[in-house]
Structures are given as C-alpha cells and as structure tokens.
Amino acid sequence: MHDIRWIKENQAAFDRAMERRGAEMRSASLVALDEERAATVKAMNDAQAEQKQVSKKIGMAKGKGDEAAAQAALEEVGALKARVKELEERERELAAQLREELLPIPNIMDDDVPEGADEADNKELKSWGTPREIEAARDHVDLGESLRMMDFEAAAKISGSRFVVLKKDLAKLERALATFMLNLHTEEFGYEEVLPPVLTNPESLVGTGQLPKFGEDLFEASDWLLRSAHVAEQTVLKALTAAIKQKDLLTFQAIVDNSNITEDDTKVVDEIYERVTQGGKFTEEDAGKLLEYEFDSEKAFANIFMSEVQFAKSRAKAVSKYREIAPEKWTERTNHFYLTPTAEVTLTNLVRESILSEEELPKRMTAWTQCFRAEAGSAGRDTRGMIRMHQFSKVELVSITTPEKSDEEHERMTGCAEEVLKRLDLPYRTMLLCTGDTGFGAARTYDIEVHLPGQGQYREISSCSNTRAFQARRMNARFRREGEKKPQFVHTLNGSGLAVGRTMVAVLENYQQPDGSIAVPDVLKPLMGKDVIERG
RNA sequence: GGAGGAGUGGCUGAGUGGUCGAAAGCGGCGGUCUUGAAAACCGUUGAGCGUUUGCGCGUUCCGGGGGUUCGAAUCCCUCCUCCUCCGCCA
C-alpha cells in the first residue's frame with residue numbers, strides 16, 4: 001500500500017510508476033479524496049473540542065450545584081453533538097474508501113527494472129556452473145515413474161490433477177532437501193526456524209498483498225457461510241418471537257402458514273424476511289431492534305417452526321439479508337481461512353501491527369511449509385510433472401530490515417538461495433525481472449533459474465523480492481530508532497530458498513545416470529543414507 | 001460441544017458515570033550524590049491523526065465494533081482472544 005502523503009507530494013512520479021505497471025490508477029482522484037478526508041478530520045476535531053469544552057462546563061457547574069448554568073450548557077451541546085456524529089461518520093467513510101482504493105494499487109518498481117512484457121525480457125545478471133550435457137536426457141516424470149517412486153495417477157485418484165504422490169526414496173529426498181536447506185539457512189546464515197500455521201486469515205493475506213486483488217489464486221477453507229447462515233436463522237427466530245410478543249398475529253400467522261412449504265426452503269426464509277423486515281408493521285429499523293429481543297416461553301413454539309427451515313439448501317440469500325439487517329454483527333473473520341500460498345504470508349505477518357526495536361533488525365526467519373495454489377488461469381501450463389502443483393513444499397526466507405539496509409539484504413538473501421544450488425552442484429542463472437514480470441508487491445525481484453537437462457532449459461526455482469515498505473504499510477509493521485520518538489515502517493523481503501519440489505526435479509534430471517538411477521548429491525548423502533537412488 | 005471467569009500503558013495492577021491518557025509498583029531514560037558502581041532521592045517515560053518553521057496545541061485510543069448519556073475505562077449489545085472445569089479427540 002502506498003503512503004497517500006507521498007503520492008500527494010510526488011504525483012508525477014506516482015503516475016509514471018503506474019504507467020510502467022500498466023495500471024490505470026492515477027494520483028489525481030486519490031489526492032482529491034484525501035483532501036476531502038483531511039478537511040473532514042479538521043472540522044470534526046474542531047467540533048469535538050468545542051463539545052468537550054461545553055461538557056466540562058456541565059460537570060463543573062453540577063459540582064458547584066449551579067443547576068441553571070448546567071442546564072444552559074446542556075442545551076448548548078445538543079447541536080454540537082449531532083454535528084460531531086455526522087462528521088465522524090463521514091470521516092470514517094472517506095478513510096475506508098481511501099484504503100479500499102489504495103489496497104489494489106501495485107508497488108512502485110525500481111528505476112533500473114528493465115522494461116518488458118514478460119519473462120522473455122528479464123535480464124540475466126549472472127550464471128553459475130555449466131549445464132550438463134546428458135545424452136538422451138530423460139525428464140523427472142520419466143525418471144520418477146520408472147523408479148516407481150513418483151505417482152501422478154494415485155494422486156489424481158485421491159485428490160485430482162496437479163498433485164503428486166512420492167514414495168520411498170523420493171519421499172525421503174523431499175525431506176532430505178528441506179532439512180539440508182533449513183540447516184544451511186539456520187546454521188550458516190542466521191535465519192530463525194519457524195513452524196507456522198498453514199491456514200491463515202484474510203487480514204494476513206491483505207498484509208502481504210494476496211488480497212483483496214488475487215483471491216482467485218487461493219484455496220479457501222472456511223465455514224463462514226454456514227456459520228453466518230446459522231446466525232441468520234437465529235435472526236429469523238427472533239423476528240418470529242418479536243411478532244409473537246407484539247401480538248402481531250397477522251404477521252405471525254403468515255409466517256406459520258408459510259412454514260408448510262418445504263420444497264424450496266430458500267424461498268421460505270426469503271419470504272419471512274420480506275414479511276418481517278418490510279411487510280406491514282415491521283420496518284427496517286424495527287428489524288434491527290428485533291435482534292435485541294429475548295424469547296422465553298414462546299421458544300418451543302418458535303423452534304417447531306424453525307425445524308422446518310433449518311435444512312435450507314441454499315443459505316446464501318439468508319446470509320445476504322442478514323448482512324443488510326445487521327451489518328455490525330457481520331464478521332468476515334468467522335472461521336474464514338485460506339490455505340497459505342507461501343510462508344511469506346505467515347512469516348511476514350508475524351511482525352504485523354508491532355513496533356520492533358532497531359536492535360532486533362534485521363530479523364531473519366525461515367520455514368519449511370506446504371504451499372497451496374489454485375493456479376487459476378494457468379490451465380494447460382506445465383501440466384506434465386511436478387513443476388506446477390496445487391500443493392508443494394518450499395523453504396521460505398523472510399527478512400525484516402531497516403529501510404537503508406534492505407537493498408543489501410536483498411543481495412544477501414539471493415546469495416543464500418544461490419548457495420543451496422551451489423552446494424547441490426546445480427547450474428543456475430540469476431535474473432532481474434522486467435516490469436511485466438515483477439509481482440504486485442515487489443519493487444525489485446530476482447529470480448533464480450536452475451538448469452533442467454530433461455527440458456533443456458532454465459526454470460524458475462526461487463524468487464527473491466524486496467517489497468520495501470509496501471507490505472509494512474499494509475500491516476502497520478514498524479520499528480523505532482535508538483533515541484527517536486516516532487516509529488517508522490520496516491522493509492520486508494521474501495525469497496524461496498528454495499522450492500523443494502522443483503529442486504527435486506532438478507536433482508533428478510541433473511543426477512540421472514544411464515541406467516535410470518539417480519546419484520545422490522554429496523551434501524545429501526548423510527541425510528539419505530545412501531549414494532544412489534535406484535529401483536528396488 | 002457445555003458451564004464459568006478474564007482482557008487497562010513495556011510488565012504487574014488500581015480505577016464501576018464527570019477536569020482519567022488513566023493511581024501505585026517494577027522496568028527504561030535523565031539528573032543529584034559517588035573515585036566508579038550500587039543504594040537512596042528528584043524528574044521523566046504510549047500510539048494514531050490534524051495543526052505548527054519549531055516549542056507546542058487540538059483530538060482519538062483502557063481487546064475490536066456498535067449503543068445509552070450533556071459526559072463512558074466505568075452502563076448495555078455484539079464479536080474476538082485468553083484462562084478454568086466437564087465432554088470429545090491426535
């Protein structure tokens with residue numbers, strides 16, 4: 001998220017940055033919105049100051065027993081109160097609207113990020129190792145299946161496409177690779193190992209930028225709809241009880257009559273809402289009040305009615321009705337989870353809404369986690385093999401730094417990821433992504449691509465990004481400098497170190513032997529307990 | 001899942017309608033004293049927003065949101081989190 005004050009002071013630069021992104025947003029409308037907000041805040045503050053002043057007078061007058069003075073002040077405060085409330089509401093609306101407009105805006109990229117449309121325009125920064133010349137090189141699918149240790153059919157049976165089942169030494173190889181990477185990052189590079197939850201809430205995903213714009217890429221795991229529907233039913237119940245209490249027999253009778261309709265339960269719930277919230281005596285305002293009613297002796301009767309609608313097949317309409325009637329009671333958070341697409345989300349959000357001390361920085365964290373991606377929109381791409389899975393494991397690196405250290409940290413982090421490949425003796429090259437290929441939240445991204453003899457090309461195995469303060473502002477993650485009063489935003493960086501599944505692909509294809517067995521890379525031998533993976 | 005309890009400043013903890021952003025203690029910072037340190041004593045010590053060249057001033061924030069009231073940390077509603085007991089469970 002961008003700093004609106006920065007946008008205001010650098011409109012031309014902001015607009016130019018958006019153009020490079022191919023985004024439509026321009027500064028003018030944002031600045032206008034913020035100016036209106038600031039004016040509203042000022043008016044609100046002034047009104048509040050006045051109201052507070054007068055209220056204090058009342059307190060003092062009452063303390064002295066001067067009823068007449070108290071009464072006079074009391075009358076004075078009435079108009080002020082209404083004005084404050086109105087301005088408060090307006091301010092809240094404007095602030096929310098501003099945030100809503102800022103959240104989908106991508107980060108500003110560094111000036112030296114090369115112009116380009118897609119990965120073909122990425123710039124190679126360096127390469128390491130020489131791609132192996134392997135005669136009649138086989139790809140990892142061929143190798144893995146021949147070993148009888150990689151089973152896509154079994155995965156399709158128990159889950160679906162874009163999943164894989166690994167067995168025996170390949171299952172173990174996944175574990176060995178992850179262990180090797182974690183050991184390297186924790187023991188030699190100073191990263192702290194973390195084992196975070198896999199399900200995350202929407203706030204976290206907003207913090208790192210997956211939401212609100214890229215929900216399609218995520219798997220959801222939530223019962224929010226069901227839970228909310230349950231609450232909606234409770235509302236219906238209370239409305240019915242209210243009808244009873246107010247002796248509104250017409251409405252009540254109508255509700256009961258309709259309870260006989262069982263084929264289309266949605267319709268029943270719907271109609272009840274129509275009646276209770278709009279029909280006859282019940283206004284929208286009344287509906288809000290109904291929520292406060294308690295029922296007692298009528299409960300049993302109401303329950304009989306409810307038993308007929310509680311199996312409503314589609315509850316979406318009830319939910320939306322409920323949302324209209326009682327928005328303040330609606331919470332998106334109710335058991336609303338996402339399967340985490342990358343540990344960048346969990347690790348980075350550990351510092352959300354916190355103020356760190358300067359000595360704690362840089363804060364370096366690493367985690368081996370399962371990652372889940374819907375891969376919506378990539379139908380047909382990389383359908384063969386383990387390159388693009390709905391579920392894969394990754395060792396992630398996250399650094400939290402001061403603003404002046406983030407560039408240096410970015411290079412360091414990329415070096416940590418490269419070191420994994422060096423020690424596995426896998427040839428790679430490092431790319432600076434072009435404007436068209438750089439992700440939403442990144443100011444600058446390095447991709448590391450490993451050479452795959454089976455495909456005869458380099459493929460992405462790591463992506464290291466500096467988001468600068470972009471995520472920190474979304475998350476309100478700050479630090480305080482020694483001796484300074486005002487906290488400021490940290491910089492956040494993330495990188496894969498590495499994608500474990502793709503590393504396995506690289507190992508298989510690079511270490512394959514003519515007989516179809518796989519030589520175990522030296523650094524993995526202690527972890528694998530053998531020198532060769534072969535069909536057993 | 002059922003029953004009950006609790007959320008106050010970096011920490012502990014007082015405050016149950018009125019000059020309360022909030023007692024007290026601890027911790028932190030500054031000072032006095034001391035050759036130095038400790039102890040003692042004195043002072044100081046949250047965040048956001050707005051405004052100001054700056055000192056400052058205004059306002060909001062006592063888990064989140066909403067409400068009652070001229071006025072809310074305090075009363076009401078709701079959500080979240082944590083704790084205890086029972087049940088279930090890897």
Side-chain angles (χ1 to χ4, degrees), chain A residues 1 3-5 8 33-85 87-96 98-99 197-198 201-204 222-224 226-228 230-232 234-235 238 242 285 287-294 322-323 325-337 352-360 472-489:
Chain A
M1 189 163 73
D3 180 1
I4 183 65
R5 273 175 296 195
K8 201 185 274 182
L33 184 60
D34 186 61
E35 274 168 4
E36 192 185 349
R37 187 194 58 82
T40 308
V41 166
K42 177 147 178 52
M44 179 183 78
N45 270 352
D46 292 348
Q48 277 172 331
E50 215 178 327
Q51 190 197 344
K52 203 172 170 180
Q53 212 64 31
V54 179
S55 283
K56 275 191 181 169
K57 274 201 287 186
I58 296 172
M60 283 189 282
K62 288 211 167 164
K64 286 182 207 156
D66 187 349
E67 277 304 317
Q71 199 56 38
L74 228 140
E75 278 163 28
E76 195 183 333
V77 89
L80 281 169
K81 203 190 160 196
R83 177 155 171 75
V84 166
K85 191 170 179 181
L87 287 166
E88 260 177 354
E89 247 163 58
R90 183 72 186 137
E91 195 275 329
R92 212 176 311 147
E93 266 172 39
L94 290 168
L98 185 63
R99 181 174 166 81
V198 165
N201 60 32
E203 290 92 318
S204 297
S222 67
D223 61 353
W224 66 277
L226 289 174
R227 275 288 289 273
S228 306
H230 174 72
V231 176
Q234 294 297 313
T235 308
K238 288 195 177 183
E285 193 187 338
K289 288 183 193 161
L290 294 181
L291 295 171
E292 308 306 326
Y293 276 98
E294 290 300 322
Y322 175 72
R323 206 170 177 171
I325 292 170
E328 76 284 358
K329 293 186 181 176
W330 178 269
T331 164
E332 299 281 358
R333 179 97 183 260
T334 307
N335 287 342
H336 192 180
F337 295 121
R352 192 177 75 208
E353 289 157 45
S354 57
I355 301 176
L356 305 167
S357 64
E358 195 171 359
E359 304 86 75
E360 292 176 76
R473 269 190 294 270
R474 290 173 158 254
M475 297 190 301
N476 200 20
R478 296 168 295 172
F479 77 103
R480 200 193 317 271
R481 284 189 205 281
E482 189 67 40
E484 278 185 29
K485 200 175 172 221
K486 206 173 162 58
Q488 55 180 290
F489 291 113

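Order of the sequence lines sets the chain letters (A, B, ...), proteins ahead of strands, with each chain counted from 1.
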Looking at [atom1] of [X] and [atom2] of [Y], how far apart are the two atoms once the value is rounded to the nearest 0.5 Å?
X	Y	atom1	atom2	result
Asn201(A)	Phe337(A)	CG	CZ	7.5 Å
Leu33(A)	Arg99(A)	CG	CZ	14.0 Å
Phe489(A)	Met475(A)	CZ	CE	10.0 Å

Atom [atom1] of [X] to atom [atom2] of [N]: distance rounded to whole Å?
X	N	atom1	atom2	answer
Glu203(A)	G65(B)	CD	P	13 Å
Glu88(A)	G65(B)	CD	P	12 Å
Arg473(A)	C49(B)	CZ	P	13 Å
Arg480(A)	G10(B)	CZ	C1'	10 Å
Leu87(A)	U60(B)	CG	C1'	14 Å
Glu91(A)	G50(B)	CD	P	10 Å
Arg352(A)	A47(B)	CZ	P	21 Å
Gln488(A)	A47(B)	CD	C1'	16 Å

Residues two or more places apart in sequence or in another chain: which of them pass side-chain contact (heavy atoms from CB on, under 4.5 Å) with [X]?
X	answer
Ala95(A)	Arg37(A), Glu91(A)
Arg90(A)	Glu36(A), Thr40(A), Glu93(A), Leu94(A)
Ala43(A)	Arg83(A), Leu87(A)
Asp46(A)	Lys42(A)

Pairs under 3.5 angstrom, nitrogen or oxygen only, protein versus nucleotides 73-75 of chain B, please.
none

[M] and [N], which share atom name [atom1], separated by this distance in whole Å:
N	M	atom1	result
U19(B)	U59(B)	P	14 Å
U45(B)	U52(B)	C1'	24 Å
U60(B)	A22(B)	P	13 Å
G13(B)	G17(B)	C1'	22 Å
G56(B)	G66(B)	C1'	35 Å
U8(B)	G21(B)	C1'	11 Å
C61(B)	G4(B)	C1'	31 Å
G28(B)	U84(B)	C1'	35 Å

ask   = Taking only residues two or more places apart in sequence, or in another chain, which ones meet Ser357(A) in a side-chain hydrogen bond (donor to acceptor under 3.5 Å, both in side chains)?
value =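 Residues passing side-chain hydrogen bond (donor to acceptor under 3.5 Å, both in side chains) with Ser357(A): Glu360(A).
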message = Measuring from the side chain of Arg37(A) (C-beta onward, heavy atoms only), which nucleotide among G48(B), G50(B), G46(B) has the closest atom?
response =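 Nearest listed nucleotide: G50(B).
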Pairwise 5' ranking along RNA chain B for Asp34(A) and Met44(A), keeping only the more 5' one =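 Between the two, 5'-proximity favours Asp34(A).
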query = For RNA chain B, whose closest nucleotide is more 5', that of Ala38(A) or that of Gln48(A)?
reply =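 Mapping each residue to its closest nucleotide by heavy atoms, the 5'-most match is Ala38(A).
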task = Give the minimum heavy-atom separation between Gln488(A) and Arg481(A), together with the two atoms involved.
result = NE2-NE, 3.0 Å
Shorter than 3.5 Å, N or O on both sides, protein versus nucleotides 54-58 of chain B: list them out with atom names.
{"unit_1": "G58(B)", "atom_1": "N2", "unit_2": "Asn45(A)", "atom_2": "ND2", "d": "2.9"}

Watson-Crick or G-U stems of RNA chain B, 3 or more pairs, under 3.5 Å, by first number = B:1-7 with B:80-86, B:10-12 with B:24-26, B:27-32 with B:40-45, B:46-51 with B:56-61, B:63-67 with B:75-79
query = Any side-chain N or O of Arg478(A) under 4.0 Å from OP1/OP2 of G46(B)?
reply = no
